[in-house]
Amino acid sequence: MLASTEFDALFPPDLPEPGHWEERYPPRQLPAGAEVTRLGPSPTGFMHIGTIYIAMIDRDIAHRSGGRYLLRIEDTDQSRQVEGALDQFARAFGYFDLAPDEQEGDGDYGPYHQSQRSAIYMSYARQLLRENKAYLCFATSEELADIRKRQQAAKLPPGYYGEWAIWRDAPDDEVRRKLAEGTPCVVRFRSPGVPGRRVEFGEAIRGQLSAEDNFNDVVILKSAGPADRLPTYHFAHAVDDHLMRVSLVIRGEEWLPSVPMHLQLFAALGFEPPAYAHTSLLMKQIPGGKRKLSKRKDPEASVDFYIQAGYPARAVLYYLRGLASGSLAELPLDEALAAPIRLADLGGAGPLIDQVKLEDISADHIATLRNAQILAAMRHWAASYDPELASVLEAEQDLALAALAVERDGVENPRKDLRKWSDFRSAYGFFFPGLFTPVRAGDERLGSLPADLVRAFAADFVAGYQDTADPQEWFGQIRDLAAKHGFAASAKQYKQAPDEYPGSIREASQLIRVALTGSTRSPDLASVARVLDRDEVVRRVSALTQ
RNA sequence: GGCCCCGUCGUCUAGUGGCCCAGGACGCCGCCCUCUCAAGGCGGUAGCGCCGGUUCAAAUCCGGUCGGGGCUACCA
């Protein structure tokens, strides 16, 4: 093994000792039982909905226990960095109201970007080197690929261990020569594990687990520039979660297999390991089965998908909460959002994201909102995602409120035709003259009714139109005209002798419906007509006569 | 391949040895309401992966098996 001074020469001369960081980041003064949780997203693209899922759990557990929930940006892979990712993170936290208690610029345990913590990682790596708990490895990617190939051929576990760990016990002179040549190297952890040995550890969701101990000499410091070397996830996890005094690490299940290795790292560094909870992965249904929601392939994996479509944040949170804990899904939304999430209630199996269920929940939620609340949310959403609609809503707020009141105010079961804000245009857009194009006779939406009949009916309707507030009376106008123009009085009657009528009262109503709403499906016509007001009704039905 | 996690209706789940020939929600189907939708009401469809074992009794405990998912990078 090289002398300490030789290792020291690999790092900046003024690099502090670990003790410095221990003092700089003292244990937190928190009540007993308080949990400190952390969210560690990587800015390698849009935020995954699973990240919001975990953030919700992180915050819930931290706050309920009197602890803190912090955000650490895990940007140790500069090559995968994506422009604008941080902005999107902020947008996502804002939308779901999951802002962390502590993050860059707001907290005593920063920096909260791993790329800015290089000196810290190097201090601890140097310490491990001096203690012979880590070593320098000069293996090239070609050599590593070759090792892997041979291991595969020999049906051996892949990895850097035993005889394959060519630099683990390399002669000092060999190491010195490579160093002198300036050959790039990484720092590897000298794993104390041996193949076949088992370890046990507790896990907050799954209980007591056991696994084969890690015997892989994982990379802890990557080889990039000598000035500020960056750590791998594993090393950063141990160092940061210790120094940030995190007590509970909640992360995705994909990390479960590396727990034995992480435990070795904590032990080698002399750190108390945190408690672990590994949430099951959110899955997507695919033809052959299911797989984890993929950032690359699945638009619904992105938080932006939910924000753009305009699913209310509370509905999404409620849905995710139900996934986390089945009993919470049985509770009404407000109660469920207020109830605690217990780690032990989380399932071990990965749930399929069910868009239809989310829409049902969302529609139910929107149905409970007051018209003014919906309008406010709509305007906020439209400002970003539908500017034309935004300006219409801005100009016609009273009309919007009146439209939203249709079959929602003063009824026992309110309309549920809004599942997300982007539904508004198709469900309510027709109320606004600026968004409505009058329908003319011959339009295919009118079905098979002869154009002449449509014109005559519309002309009669306009001529005698009474803007009455009584729905029965209002529909009476259509009934009378339907009879006059030879429509059957009921669908049943029409069905019995379809050749004798152009249609029934149903088709007659449909004619007016299409004229007023541009659609064959709409809310109660009499109510719609009241909101549109007399002139607009006449204008729209008159269009049919042209 | 090796290691790890998981396995109740199509989906999310309740269920911690008798209360379960398995309950709820979403979906789907039917009926009712009805000027069309969205709803709402009523009814229905559908599941303990399989095989052994323990037990008076198993969805529940044990073993095996099969299946699904994850990990196996100087990505996180």
Answer yes or no: does a side-chain N or O of [X] lie under 4.0 Å from OP1 or OP2 of [N]?
X	N	answer
A:Lys222	B:A73	no
A:Arg415	B:A39	no
A:Thr76	B:A76	yes
A:Arg479	B:C35	yes

Given the [atom1] atoms of [N] and [M], what is the spacing between them in whole Å?
N	M	atom1	value
B:A39	B:G7	P	34 Å
B:A22	B:G10	P	15 Å
B:A57	B:C71	P	43 Å
B:A59	B:C12	P	22 Å
B:A14	B:G43	C1'	23 Å
B:G49	B:G67	P	15 Å
B:G47	B:G52	C1'	22 Å
B:G30	B:A46	C1'	15 Å

Is it true that, when you exclude [X] itself, more than 12 heavy atoms of the residues, nucleotides or ligands shown sit nearer than 6.0 Å to its [atom1]?
X	atom1	value
A:Arg342	CZ	no
A:Arg197	CZ	yes
A:Glu83	CD	no
A:Gln208	CD	yes

Given [options], identify the nucleotide with an atom nearest to the side chain of [X].
X	options	answer
A:Asn413	B:C5, B:G70, B:A39	B:A39
A:Lys416	B:C37, B:A38, B:G70	B:A38
A:Arg206	B:C35, B:A76, B:C5	B:C5
A:Pro158	B:G1, B:C3, B:G70	B:G1
A:Asp417	B:C74, B:C35, B:A38	B:A38
A:Ser223	B:C74, B:G70, B:C75	B:C74
A:Asp77	B:A39, B:C75, B:U36	B:C75

Residues two or more places apart in sequence or in another chain: which of them pass salt bridge (charged side-chain N to carboxylate O under 4.0 Å, His left out) with A:Arg148?
none
Counting any heavy atom closer than 4.0 Å, what does [X] reach on the DNA or RNA strands: base, sugar-phosphate only, or nothing?
X	answer
A:Pro414	sugar-phosphate
A:Leu209	sugar-phosphate
A:Ser522	base
A:Ala139	base
A:Val356	sugar-phosphate
A:Arg198	sugar-phosphate
A:Thr44	nothing

Could you check which nucleotide pairs with [N] in any of the strands shown, counting Watson-Crick or G-U wobble with both distances under 3.5 Å?
N	value
B:A14	none
B:U54	none
B:C71	B:G2
B:C31	B:G41
B:G49	B:U65

Could you tell me whether the side chain of A:Arg206 reaches within less than 4.5 Å of the side chain of A:Glu253, counting heavy atoms only?
yes
Taking atom types as modelled, find out whether A:Tyr233 and A:Asp77 have a side-chain donor-acceptor pair closer than 3.5 angstrom.
no
Do A:Asp524 and B:C35 share a donor-acceptor pair, side chain to base, under 3.5 Å?
yes
Tell whether A:Arg513 reaches the base of B:C37 with its side chain through a donor-acceptor pair below 3.5 angstrom.
no
Is it true that A:Arg150 and A:Asp146 make a salt bridge, defined as a side-chain N closer than 4.0 Å to a carboxylate O?
yes
Measure centre to centre between the rings of A:His278 and A:Phe201, then say whether the value is under 6.0 Å.
no
Could you check how far CD of A:Gln477 sits from C1' of B:C35, rounded to whole Å?
14 Å
Taking atom C1' of B:C26 as reference, at what distance in whole Å does atom CZ of A:Arg419 sit?
14 Å
Looking only at heavy atoms, the pair that brings A:Ala236 and A:Pro231 closest together is CB-CG, 3.7 Å
Please figure out whether A:Leu525 or A:Ser42 has its closest RNA chain B nucleotide nearer the 5' end.
A:Leu525
Within the sub-3.5 Å range, which N or O atoms of nucleotides 7-16 of chain B have a protein N or O partner, and how far apart are they?
{"residue": "B:C12", "atom": "OP1", "partner": "A:Leu352", "partner atom": "N", "Å": "3.1"}

